[in-house]
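Here the structure is a predicted model, which is why all the values come from computation and not from measurement. Indexing begins at 1, ligand by ligand and atom by atom, following the structure's order.
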Amino acid sequence: MFKQMESNATQRLHFCHDPDTGLRAIIAIHSTVRGPAIGGCRFIPYASDEDAITDALRLARGMSYKAALSGLPHGGAKAVLIQPEEDFDRAALMQSFGRFVDTLGGDYITAMDSGTQISDMDQINQSTPFVTCTSDIGDPSPNTALGVFEGIKASARFKLNRNSLRDLTVSIQGLGHVGYEVARLLHQAGARLIVADIDPQRVQLCEQNFNARSVAAEEIYAADADIFCPCGLGAILNDHTIPQLRVAVVAGSANNQLAEEQHGEQLLARDILYAPDYLINAGGLIFVALQYAKRPATEIRRKVTGIGDALFQLYQEAQQCAKPVHRIANQRAEAIIQAAKFNSAA
Ligand code: NAD
């Protein structure tokens, strides 16, 4: 476990077991040097405790990088709640998790993630103030989608020399909270859509509302499009899928899209521009962090729409250094965190 913490440069790993509610939770705090660590809590089944720990560690580092590149005064963390196999009282379990979060005294601020919803955040809020995405703050997904949309526009400007998305084709994998809203924004901007989801109802909605063409879930990688927008699963850019891609750009919301870091090099070798996931999908984090800090809506919108310019600058830097964009993004995020460490030690 310490090896894994070391390779992820994670500061702290906290465990909690509450036999009364069935809560089994892990909180990975990657870093607090830039401020309280913020990051969602997942509530999904895991095949093993090791898988749950690995997920928490990997995702916590991504949150630190996301906060650093977005200029938010936060470090990154992630909580993983292992879904009980037997019956459980959801409200009691969430309140118990809130007590666990509260013991960390504000070093960790929790939020919505896969398998959790606004009503869970309200339950957590009964035990701790260190929670966002409560019903008075709301779902971050529309802001994540807005940031992805701005990122797609910047990517089209950089790679395809296009100032408009009109008549460009975008393939979208996953039409959930984020993917559906990205589809709506792209349709509004005049883009053509090819979509896939394992849920046929989500697909049908996009066909009806956005004139989208659908393909089977496994066919989305080979779809003939200008831009591929993954908004479903992680690790979808891998040895199996990269050779299938027939696009110039990959730009979508899914977390941890590269199965391994070297897959970023594979994309560059195929002359495919990759928008680092933790930068293009930062709109939701910007929204929840600034709402938590009670910042005005105008500031939030300015920062979320600024994701496009931030990406464009990163693309330019990567081109100048002839390096993959994800390496430049990692270097930049690590440098920001190191500088904060240095300043706090001085
Ligand atoms: P969601 O669960 O609402 O939607 C995911 C969609 O993907 C679902 O419709 C699901 O049916 C579909 N899907 C699952 N497996 C698929 C497959 N094999 N092929 C095609 N579709 C498949 O999730 P979301 O909130 O929209 O988030 C989407 C992605 O973006 C996730 O990776 C999430 O971690 C990431 N993300 C979300 C936010 C946010 O604000 N919601 C913020 C940052 C990152």
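Within 4.0 Å of ligand 1, protein heavy atoms come from Arg42, Lys66, Pro140, Ser141, Thr144, Gln173, Gly174, Leu175, Gly176, His177, Val178, Ala196, Asp197, Ile198, Ala217, Cys231, Gly232, Leu233, Ser253, Ala254, Asn255, Asn281.
The two residues Ala68 and Arg34 come nearest to each other via the heavy atoms CA-NH1, 3.4 Å. For the residue pair Phe287 and Ile137, the shortest heavy atom distance occurs at CZ-O, 3.3 Å.
Residues Leu285 and Met112 share a single hydrophobic cluster, defined by chaining ILVMFWY side chains whose heavy atoms lie under 4.5 Å apart.
Between Tyr274 and His326, the two ring planes are perpendicular [angle over 60°; tilted spans 30° to 60°].
Taking the side chain as every heavy atom from C-beta outward, Cys133 and Val288 approach each other to under 4.5 Å.
Applying the salt bridge (charged side-chain N to carboxylate O under 4.0 Å, His left out) rule to pairs touching residues 159-183 yields Lys159-Asp271, Asp167-Arg192, Glu181-Arg184, sequence neighbours excluded.
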